[in-house]
Every structure is written in structure tokens, then in C-alpha cells.
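Side chains included, hydrogens not; waters and symmetry mates left out as well; all remaining heavy atoms used.
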Amino acid sequence: MAAARQGVLQRRDPPGRPPQDGYGVYTFPNSFFRYEGEWRGGKTHGRGKLLFKDGSYYEGEFADGEIAGEGCRHWAATGNTYSGRFVLGEPQGHGVMTYGAGGCYEGAMSRGMREGHGCLVDQDGNVYRGSFHSNKQHGRGHMAFRNGDTYDGDWVRGQRQGHGVLRCADGSTYEGQWHHGVFSGLGSMAHCSGVVYRGIWINGHPVARATRIAILGPETLRVAPGAPFTVRVQLQREDGAAAESEDGRVLRVSAGVRYVQLAACSDVCFFRVDGDRREAPIQTPFGFECIAYPLSSPSPGGLEPGAAPESAGDEEAALTSDALRGQGDTPSSLPGGRSARCPEDCRRVQRGRAEFLDIRLGPPPPGYHPVPFLDGLREKASSGPAGGLDPGTGTPTVQDPPGGSRPDEAAGAAPGTAPGTAAFPGEYVIMVRDVTAPPFLGRSLPTAFQHLRVSASGPGPQPRAPGEGPTAQD
């Protein structure tokens, strides 16, 4: 009887044939696959584990010889592991894919690819939630970048394309059109510095951005000692047109006095400067150098008439977020709901323009001493040409100090000017610097210069450069 039963079993499950029903272990003829699990009618059916010779495996549900239902698949070559729904051996439906290189995905799958809505965390830690097609971000989605930036908008084949909003960790925001992952088309950027640009972008760059600062008006401005004057500034594009697409760039006005060394004494210029206040001269486009000189303002809370000048390097980087909270310009809204005021010597640009009203040159600051002994030098050089302040005469051998050899007088001062509060006659320079902090798109505009001549005879006729000569250093 036992022998008869053994013969029946051998006929049902002959060697080399897969089990028919129940639990069994079977190595397929090509020896690459080995199955351990449930069988029905000679096919894998129910719960089981399929092992691959390269170390990969699938463990989960089978139906009629196919991988189907809930299960877990591991790929040895990539280190990827998927847990979720399967249809005909491929991930299909909702599941979780963990990538061997780092990152994971949870969401809809179709034929082994991300398809539909899901959440992807890449190996860099960036998190995307939204629509997928053919394994790539496609449609509407939200990306949270590891550096704190976020993007909400359209995607096409894995790139930001269409309309979207980028919010940067530093507070800057861009809203507008995208193409191939960069700003392209009509868009608006509110920079963390307070600069706002509205207009066309191409390949991530604003088309109508400002490239230079121009000081409008005469090429050489003539004023009487102590007289106020106005500096009007325009931001210009590469083609010379006004950059009206820009708002909020911060400009600072400052002044300098012509620096001239005398042949008789190389340490002597119009002013003798104390050693602790000496600084490198500033090169101007007018053929001479200058040293910093203070401006004053009649406005309450303005510049102090005798304030010591800042160094050239300090002026370039002086504007910080704290400085913006000082007394001065009309408050402007910064990204993130912040507001800021500019110092009295700064203005924020509106539609590409700014004005500095009623400013004037102050008296020499502490540490600046007009040279008092030039009368003797003048007598020795009386046979030579008189020292002039004209920029075309070169460096004079003998030179009057601004206002003459007696520093206690400023002849020809403007009416109402208190004694000792006006600049001496001479040659000065007005400088307008871009002190936007941080620089808009990583670049500050070049400094603009205007030649200023203080004359005891008053302003006189104002010469103009061709086409109303705005002056800027390119």
C-alpha cells in the first residue's frame, strides 16, 4: 500500500517538473530563477518569494504564474527597492520606491515608472510633490529645495517651464514665465535688497536691467560757496535708454575734493590731512584724483556739516540692512513684509530715477587743514603761469587752496551762509554709488561722477555735455 502511494506522488510531481499545488520549491530550467512558495495548477499562485541569481528578489503575491498584487521587489544592480502594487511583474498603482543612490518616491506608478501624483525626495534632499509623467516631473508641482528655496508652478519633462513662483531663502521672489528651468519671458522679481524688476527675461537674465548710473545735467556744475544744488540721477540700460523697469536700487551720493601734490613738497595738497585720516585718492574720469569730502544737508536729521568722510572702500560697502533703518528716504517695502528707510545720503530709485535735493558742500572736516603758506610759494612762482583749477591744465606747481591762502574766509559765499560753514572755492567731484546690499543679481553698477566747481563769482553759465551730458564711469 505504501509503495502504491509513493508511485502516485511520483506521477503527480515527477522530477524536473514544478509542483502542482500547495507549497513547494522549484528552480527553473535556466537556473536564474528559484521560487519558494505557494502553487496552484503548476503555477505560482498565492504568497511566495522569487529569487534571482544576481541577488535580486521579489517577495509577495502571485496570480496564475505572474507577479501580481502586493509585494516587495529589490534590484541588486541598482540597490533600488519597491514596495507596493504589481501588475504583470511591474510596479503599477500606489507604492514606495527607495533608491540605492539615495532618495525615495511615494505615489502612483505605471509600468514601473512614476506616473500621476506623487512625492519624490532626491538624493540631494530636494522634495517634489506634484504630477509625474514618464518618470519625470510634469504638470503642476511644488519643489522644496534643500537650500530653503521653494518653487510652485508648471513643469515639463522634469524642468520648470510655463508659469511659476520661486521663493528664495534670502527673501527674494520671482513670479512669471519659465523655460528649460530658467526665467524666460515676462516676469517680476522682488529682490531681497528691495530692488524690483518687472519686464522680459531671457535665459535667466533681465533684458531691460540697468547697466550704468548717469548724472543728468551739465558736464561741469558751477555753484557759489555754501549754495545748495540738486543731483538728478537716471539708471540707464545698455542702449542708453532709461531703465524704468527697475525700482528700489539704493544710491549714495558723496563728494571729493581735487587732490594736487606740489612739486616743492610731495606731502602737500590743497589740504593737509592728519595721518590717521589719510586714505588712497579716488581716481576720477576728469584726469585728476580726489580725496573724500563731506556733504551737508539743510534737512533735519541730515548729514552733519562737519562729518568726517568715509573711506572709498567703506562707502562701497557701507549700506547694510541696519543702515537702511536710519533716517532718510521714503520707506519702501522689502520682501517678506519688511520695510526700510535709507540714510539721508541715500535714495531708492523709482522707475529708474532718483533725486538728491538741496545738498551742499560742507566746511573742511576735522583733520583736514587748508595749507596756509602758499603765499610764499606763490611769490617764488610769480613768473610762471597762475595756478588754475581747470582740469585741462594738468598738475600745477603752485596752487591756491580752495578759497585763497587764508582759510578763515570763503569769498563769495551764498547769501545766508554762516561763516565757516561753506566749502572753499575750488574743484570738487560729486559721486553716486550703487550701494544696494546685497547687490542685485550679484552685480553693483559702476560709480557715476560729476565735475563740481565752487566759484566765488557764482554759478555763471552752466556748460552742457553733448545731448545734456549725463556722466558715468563705464
Side-chain angles (χ1 to χ4, degrees), residues 99 101-103 105 107 113-115 117-212 235-250 333-336 349 351-352 434 436-446:
Y99 299 98
Y105 169 78
M113 295 189 294
R114 299 185 291 264
E115 187 77 28
H117 190 274
C119 175
L120 173 66
V121 180
D122 65 20
Q123 63 187 30
D124 296 323
N126 304 316
V127 181
Y128 172 84
R129 291 181 173 85
S131 296
F132 289 85
H133 177 65
S134 297
N135 235 26
K136 296 180 179 180
Q137 298 100 324
H138 191 88
R140 296 288 297 180
H142 170 89
M143 176 74 89
F145 295 92
R146 184 180 178 181
N147 66 356
D149 297 351
T150 62
Y151 171 81
D152 288 280
D154 299 328
W155 295 76
V156 175
R157 297 178 181 177
Q159 292 187 323
R160 290 170 285 186
Q161 187 157 316
H163 185 273
V165 179
L166 175 68
R167 296 179 176 87
C168 300
D170 65 4
S172 301
T173 301
Y174 171 84
E175 181 174 3
Q177 297 299 308
W178 295 73
H179 188 70
H180 290 312
V182 298
F183 313 147
S184 192
L186 185 63
S188 172
M189 171 173 280
H191 194 251
C192 60
S193 63
V195 177
V196 177
Y197 173 85
R198 305 175 184 87
I200 301 297
W201 300 72
I202 295 179
N203 292 329
H205 301 284
V207 174
R209 69 173 294 179
T211 59
R212 65 194 293 262
L235 301 188
Q236 294 183 350
R237 305 182 331 216
E238 193 69 43
D239 60 3
E244 295 184 351
S245 298
E246 277 196 23
D247 291 328
R249 196 182 288 267
V250 180
S333 178
L334 294 180
V349 171
R351 294 187 59 81
D434 177 9
T436 308
F440 180 53
L441 300 181
R443 179 178 178 270
S444 296
L445 300 180

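- Side-chain atoms of Thr150 and His142, non-hydrogen and from C-beta on, do get closer than 4.5 Å to each other.
- Note that CG of Leu186 and CD of Glu175 are 10.5 Å apart. Values are rounded to the nearest 0.5 Å.
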Residues 197-209 side chain polar contacts: donor-acceptor under 3.5 Å, at least two apart:
| residue | atom | partner | partner atom | Å |
| --- | --- | --- | --- | --- |
| Tyr197 | OH | Ile200 | O | 3.1 |
| Tyr197 | OH | Val207 | N | 3.4 |
| Tyr197 | OH | Ala208 | N | 3.0 |
| Arg198 | NH1 | Asp247 | OD2 | 3.1 |
| Trp201 | NE1 | Gly187 | O | 3.2 |

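- Counting only distance, with no hydrogens or angles, the side chain of Glu238 and the backbone of Thr211 share no donor-acceptor pair below 3.5 Å.
- Across Cys192 and Gly171, no two heavy atoms sit closer than the pair CB-C, 4.3 Å.
- The CZ atom of Arg146 lies 7.0 Å from the CG atom of Asp124; values are rounded to the nearest 0.5 Å.
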>> If you apply the rule side-chain contact (heavy atoms from CB on, under 4.5 Å), what do you find for Thr173 with Leu166, and how did you get there?
In response: CA-CA 6 Å; Thr173 301; Leu166 175 68; over 6 Å; no
> Run the side-chain contact (heavy atoms from CB on, under 4.5 Å) check on Met143 and Trp155 step by step: do they pass?
Replying inline: CA-CA 10 Å; Met143 176 74 89; Trp155 295 76; 3.7 Å; yes
>> Please determine whether ring-ring contact (aromatic ring centres under 6.0 Å, His included) holds for the pair Phe132 and Tyr105, giving the CA-CA distance in whole Å, both sets of side-chain angles, and the decisive distance to 0.1 Å.
In response: CA-CA 11 Å; Phe132 289 85; Tyr105 169 78; 5.2 Å; yes
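- Within a 6.0 Å sphere centred on CZ of Arg140, heavy atoms belonging to other residues, nucleotides or ligands number more than 12.
- Annotation: the span from Phe145 atom CZ to Asp122 atom CG amounts to 9.0 Å, rounded to 0.5 Å.
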>> Walk me through whether Ser193 and His191 qualify under side-chain contact (heavy atoms from CB on, under 4.5 Å).
In response: CA-CA 5 Å; Ser193 63; His191 194 251; 2.7 Å; yes
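- Closest approach of Cys119 and Val127 over heavy atoms only: SG-CG1, 3.9 Å.
- Summarising the geometry of Arg212 relative to Pro446, their closest heavy-atom pair is CA-CD, 4.5 Å, with the distance given to 0.1 Å.
- Under a 3.5 Å cut-off, the side chain of Gln161 and the backbone N or O of His180 do form a donor-acceptor pair.
- Here the rule is side-chain contact (heavy atoms from CB on, under 4.5 Å) with Tyr151, and of Tyr174, Tyr128, Trp178 only Trp178 fits it.
- For Arg249 and Phe440, the positive end is not near the middle of the six-membered ring at less than 6.0 Å and at most 45° from its axis.
- Nearest heavy-atom pair across Met189 and Phe183 is CE-CE1, 3.6 Å.
- Between Asp152 and Arg167, at least one side-chain N (NZ, or NE/NH1/NH2) sits under 4.0 Å from a carboxylate O, which counts as a salt bridge.
- Paired with His133 under the rule side-chain hydrogen bond (donor to acceptor under 3.5 Å, both in side chains), one option of Arg157, Arg114, Glu115 passes, and it is Glu115.
- Taken from CG in Asn126 to CG in Asn147, the straight-line distance is 7.5 Å, to the nearest 0.5 Å.
- No donor-acceptor contact under 3.5 angstrom links the side chains of Asp154 and His163, judged on distance only.
- In this structure, CG on Leu120 lies 6.0 Å from CD on Gln137, to the nearest 0.5 angstrom.
- When all heavy atoms of Gly139 and Ser131 are compared, the closest pair comes out as CA-CB, 4.3 Å.
- In this structure, His179 NE2 and Gln159 CD are separated by 8.5 Å, a value rounded to the nearest 0.5 Å.
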